[in-house]
There are 2 protein chains.
Amino acid sequence: MDDALVFSALVLALSGQLVQEIHANVSQQGFEDLRPAHGFAFARISVGGATTADLAEHLGVTKQAAAQLVEELVRKGYVERHPHPHDARARLLGLTETGWAATRAADQAARAAVAPWREVLGEARFSELVADLTLLAPPGPIRPAW
Amino acid sequence: MDDALVFSALVLALSGQLVQEIHANVSQQGFEDLRPAHGFAFARISVGGATTADLAEHLGVTKQAAAQLVEELVRKGYVERHPHPHDARARLLGLTETGWAATRAADQAARAAVAPWREVLGEARFSELVADLTLLAPPGPIRPAW
DNA sequence: TCTAGATAGACAAGCGGCTTGACGAGTTAT
DNA sequence: ATAACTCGTCAAGCCGCTTGTCTATCTAGA
């Protein structure tokens with residue numbers, strides 16, 4: 001049974017294609033200064049209540065790396081730092097309007113990337129697929145692959 | 001319908017977990033000096049007939065990056081360089097016995113990583129899943145995600 | 001057969017994203 | 001009050017990759 005190998009390869013291939021297509025689409029929508037890894041940061045920041053340290057944990061990197069990422073996103077106008085209401089050390093992160101626009105663009109890009117797959121499988125089979133994958137997916141935040 | 005987003009997230013999460021588990025398992029089998037990206041190189045080299053330039057194209061990186069990777073794998077004893085029978089410029093790459101052992105370890109690790117999923121879904125549903133993913137998978141080599 | 005262009009691989013320099021390490025300012029628990 | 005911890009920052013360095021350049025070799029066309 002080396003279904004396992006086939007399966008692994010398929011998941012990897014699919015995931016790679018997904019990232020690549022979404023990134024290309026987002027770029028084409030005018031967000032050329034964003035790279036795939038930024039999406040994972042947006043995902044956490046858009047939820048609200050995130051500090052740089054929270055973001056670091058979410059991404060599975062050091063605080064310094066997260067701070068650097070935040071600095072870049074602030075400089076590019078996607079993220080704002082607000083004073084934290086209860087902690088003078090920390091700063092709350094939030095998306096700017098541009099940040100939200102980028103998030104919407106990514107959402108749309110994801111839909112566009114998945115659409116053909118949905119069509120190939122048919123609606124019913126696609127739903128089953130989503131259900132199956134839901135069973136398999138690990139809990140916790142989604143991080144850049146490795 | 002934002003199944004699309006859910007689906008994307010699931011595929012990404014699954015792929016990340018897969019890579020991480022396989023890597024951990026391979027490490028535990030004694031190949032601690034291999035990292036996930038090396039697997040993609042082994043995949044091409046094990047087929048045979050690969051030069052450094054071939055490998056570069058397969059991985060989607062520059063020749064220099066591929067050469068550096070090969071150098072590392074040679075130094076660590078996984079890969080050998082042989083003279084090319086028809087081209088004095090090129091050198092054919094091949095796996096050493098250690099390289100083959102690592103490949104087998106990775107195969108086994110993939111099986112181990114997938115096994116629980118197979119169990120969760122049941123054999124029939126798992127086969128369907130593989131079939132569906134096969135329909136969706138892009139052709140061409142599998143590369144490190146991004 | 002000679003020559004122009006392409007290709008394999010190596011050498012060098014540099015960049016970007018990440019790490020470890022150390023630190024002051026602020027918070028929390030004892 | 002004080003000790004331990006945490007947030008964010010500064011600094012230095014590593015590693016995988018890039019661009020740029022070069023020689024040796026192969027290939028196709030006049």
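Sequence lines set the chain letters: A, B, ... in the order given, protein chains first and strands last, and positions in each chain run from 1. Values below: all heavy atoms of this structure, side chains included; hydrogens, waters and symmetry mates excluded.
A/His84 has its NE2 atom 13 Å from the C1' atom of C/dG26, to the nearest Å. For the pair B/His58 NE2 and C/dA8 P, the computed distance is 17 Å after rounding to whole Å. Distance CG (A/Leu92) to C1' (D/dC7): 12 Å, rounded to an integer number of Å. A straight line from NE2 of A/His82 to C1' of D/dG8 spans 17 Å, rounded to a whole angstrom. For the pair B/Arg75 CZ and D/dG16 C1', the interatomic distance rounds to 13 Å; values are reported in whole Å. In this entry the distance linking CZ of A/Phe40 with P of C/dC18 reads 12 Å, nearest Å. D/dT18 atom C1' lies 15 Å from atom CG of B/Leu59, rounded to whole Å. Atom CD in B/Glu71 sits about 15 Å away from atom C1' in D/dG16, given to the nearest Å.
Listed here is the closest heavy atom pair of B/Val19 and B/Pro36: CG1-CB, 3.7 Å. Shown here for A/Ala102 and A/Leu34, the closest heavy-atom pair between the two residues is CB-CD1, 3.7 Å.
Criterion: ILVMFWY side-chain heavy atoms under 4.5 Å apart, direct or through other members. Under it, A/Val130 and A/Leu18 are part of a common hydrophobic cluster.
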Look for any protein N or O under 3.5 Å of an N or O in nucleotides 10-15 of chain C and output each such pair with its distance, or none.
none

Identify all pairs in which a protein N or O lies below 3.5 Å from an N or O of nucleotides 27-30 of chain C, and state each distance.
{"unit_1": "C/dT27", "atom_1": "OP1", "unit_2": "A/Ala88", "atom_2": "N", "d": "2.9"}

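The environment of B/Glu71 atom CD is dense: over 12 non-hydrogen atoms of other residues, nucleotides or ligands sit within 6.0 angstrom. Counting heavy-atom neighbours within 6.0 Å of B/Glu119 CD, excluding the residue itself, gives a total of 12 or less.
Here A/Ala65 lies in heavy-atom contact (under 4.0 Å) with a base.
Between B/Ala90 and A/His38, the residue whose closest nucleotide on DNA chain C is further toward the 5' end is B/Ala90.
Applying the 4.0 Å criterion to OP1 and OP2 of C/dG9, one finds that B/Thr51 has a side-chain N or O inside that range. Taking 4.0 angstrom as the limit, A/Thr62 places a side-chain polar atom (N or O) nearer than this to OP1 or OP2 of C/dT19. In this model, the phosphate group of C/dG17 is approached by a side-chain N or O of A/Arg35 to a distance below 4.0 Å at OP1 or OP2.
A salt bridge between A/Lys76 and A/Glu32 is absent, with no side-chain N of the basic residue lying under 4.0 Å from a carboxylate O of the acidic one.
Side-chain atoms of A/Arg44 come within 3.5 Å of backbone atoms of A/Gly48 as a donor-acceptor pair (strictly under, hydrogens ignored).
Using a 30° and 60° split on the angle between ring planes, B/Tyr78 and B/Phe31 fall in the tilted class, from 30° to 60°. Ring geometry for B/Phe7 against A/Trp117 counts as perpendicular: the plane angle is over 60°, on a 0 to 90° scale with 30° as the lower cut.
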